[in-house]
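For reference, positions follow the sequence shown, starting with 1.
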Amino acid sequence: MDERQLRVLRELGELGSVTAVAEALMVTPSAVSQQLRLLQRSVPVPLTEREGRRLVLTPAGRALAVAAIDVETALARARHTVEEFLDRPDGIVSIAAFHSAAAGLWPHLVRGLAAPGSPHVALADEDVSQDGFPPLTHDYDIVLAHRLDHSPAWPRTVSVTPLLHEPLDIALPAGHPLADEPELTPHDVADQPWITVHDGFPLMATIEAIAAAADRRLHLAHRINEFAVVSEVVAAGGGIALMPRWTARPHPAVCLRPLTGVHARRHIDALHRPENTARKAVRTVLTELRRAAAVVSSDDDRPTTTPGRAGNP
């Protein structure tokens, strides 16, 4: 038995005829009769009987119709509880992010949600390969993910809120000879020792594109995913690296130079299950993330010519 069948039985007891029930529920009489037949299959005693030309409830049917009132009341209470949950502005919203998105966006997000009545965010860092981001939406309300321009789009099983389309620059020690150049090409940087991410992570595809454009194999001296560590190694003279322009933390001994000749940008997106945006708290957090992204990208799009930015992925 289900809610619709019990509702039909209750209405039959109160209204007294199949025709009246059909009119009240705005369905056909045959649809009412079908629901009654389906309900009868699940009960071992007759629920209705003929009384002249009318179909009426048996004692068992009347007892079940009374119980149906309790069922409808409980379901209405449950629906109201869900509606209250969906409309709560201050609910908990869980968010996962890779490191540089967390470093660049989370401080703005936390400050933006500091007012009373705002959603409460539960933050977690997740360092995964590109195909590992969509499955995280099973565990978190929102997942901050990144992919390169030429990488496959996110699967249609997740909803996507775009946040940033961020340039990737070459990070150099402040005293490096290439730091005097306003921009760099793959040929300029191909003979340098490189600090890069592990295989399978999005930035690796740009490293491969640089090698292809320069027509030579790059020397990948170090594999480090945490850009805060990368910037320290760059500053110490351990090699050069790709760094995100906006979300990376500045380092006083590292400067960034734009890279030409290859497509060097990444998308930073908020992934979530489509049904999550039914919650007001989730919608509020997504709006605040877009504001944070606008603040982060509001700087001049060009790297500075003095020691500049570096940071975490």
Side-chain angles (χ1 to χ4, degrees), residues 97-108 144 146-150 163-198 201-211 213-214 218-268 292-313:
F98 61 99
H99 296 139
S100 62
L105 297 175
W106 279 355
H108 298 285
L144 301 189
H146 61 146
R147 66 176 184 85
L148 300 179
D149 276 346
H150 53 277
L163 298 177
L164 290 170
H165 191 206
E166 183 176 31
L168 301 171
D169 296 319
I170 301 294
L172 305 158
H176 196 285
L178 292 177
D180 294 330
E181 301 295 328
E183 59 184 25
L184 300 171
T185 69
H187 290 282
D188 293 330
V189 297
D191 62 347
Q192 300 291 317
W194 279 84
I195 308 160
T196 190
V197 296
H198 293 274
F201 287 80
L203 268 61
M204 197 60 207
T206 302
I207 297 293
E208 294 165 353
I210 293 170
L218 303 185
H219 172 40
L220 307 183
H222 311 288
R223 296 293 191 117
I224 304 171
N225 275 20
E226 175 57 67
F227 278 163
V229 179
V230 171
S231 62
E232 295 294 341
V233 178
V234 170
I240 67 173
L242 278 176
M243 288 281 184
R245 184 177 300 176
W246 296 324
T247 55
R249 287 187 180 279
H251 190 293
V254 173
C255 61
L256 299 185
R257 295 296 175 266
L259 179 64
T260 63
V262 296
H263 225 42
R265 278 182 178 261
R266 68 174 179 176
H267 295 271
I268 298 180
V295 170
V296 166
S297 61
S298 63
D299 292 339
D300 188 348
D301 203 44
R302 297 164 298 166
T304 59
T305 55
T306 57
R309 307 173 122 180
N312 329 336

If I take atom [atom1] from residue [X] and atom [atom2] from residue [Y], how far apart are they, to the nearest 0.5 angstrom?
| X | Y | atom1 | atom2 | answer |
| --- | --- | --- | --- | --- |
| Leu148 | His267 | CG | NE2 | 8.5 Å |
| Ile268 | Leu105 | CD1 | CG | 6.0 Å |
| His251 | Met243 | NE2 | CE | 9.0 Å |
| Asp188 | Arg257 | CG | CZ | 12.5 Å |
| Phe201 | Ile207 | CZ | CD1 | 14.5 Å |
| Arg223 | Ile195 | CZ | CD1 | 12.5 Å |

Taking all heavy atoms of [X] and all of [Y], pick out the closest pair and write down the distance.
| X | Y | answer |
| --- | --- | --- |
| Val254 | Ala171 | CG1-CB, 3.9 Å |
| Pro244 | Thr247 | CB-OG1, 3.6 Å |
| Trp106 | Leu144 | NE1-CD1, 4.1 Å |
| Leu259 | Ala264 | CD2-CB, 4.3 Å |
| Pro173 | Gly237 | CG-CA, 4.2 Å |
| Trp194 | Leu242 | CZ3-N, 3.9 Å |

Within the 4.5 Å heavy-atom criterion, are [X] and [Y] side-chain neighbours or not?
| X | Y | result |
| --- | --- | --- |
| Leu172 | Leu184 | yes |
| Trp246 | Pro167 | yes |
| Ile170 | Leu178 | no |

Exercise. Do Glu166 and His146 have side-chain atoms, one donor and one acceptor, less than 3.5 Å apart?
Worked result: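 No pair is found: no donor N or O on one side chain lies under 3.5 Å from an acceptor on the other.
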
Problem set entry | Donor-acceptor under 3.5 Å (Arg266 side chain, Leu203 main chain) |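 No, because the side chain of Arg266 does not come within donor-acceptor range (under 3.5 Å) of the backbone of Leu203.
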
For this session: Could you go through the side-chain contact (heavy atoms from CB on, under 4.5 Å) check for Thr196 and Glu208 one step at a time?
Result: CA-CA 11 Å; Thr196 190; Glu208 294 165 353; over 6 Å; no

Problem set entry | Test side chain to side chain donor-acceptor pair (under 3.5 Å) applied to Thr260 - qualifying residues, sequence neighbours left out |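 For Thr260 there are no side chain to side chain donor-acceptor pair (under 3.5 Å) partners, ignoring immediate neighbours.
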
Seminar exercise, completed: Sorted by chain and residue number, the side chain to side chain donor-acceptor pair (under 3.5 Å) partners of His165 (sequence neighbours excluded) come out as Asp149

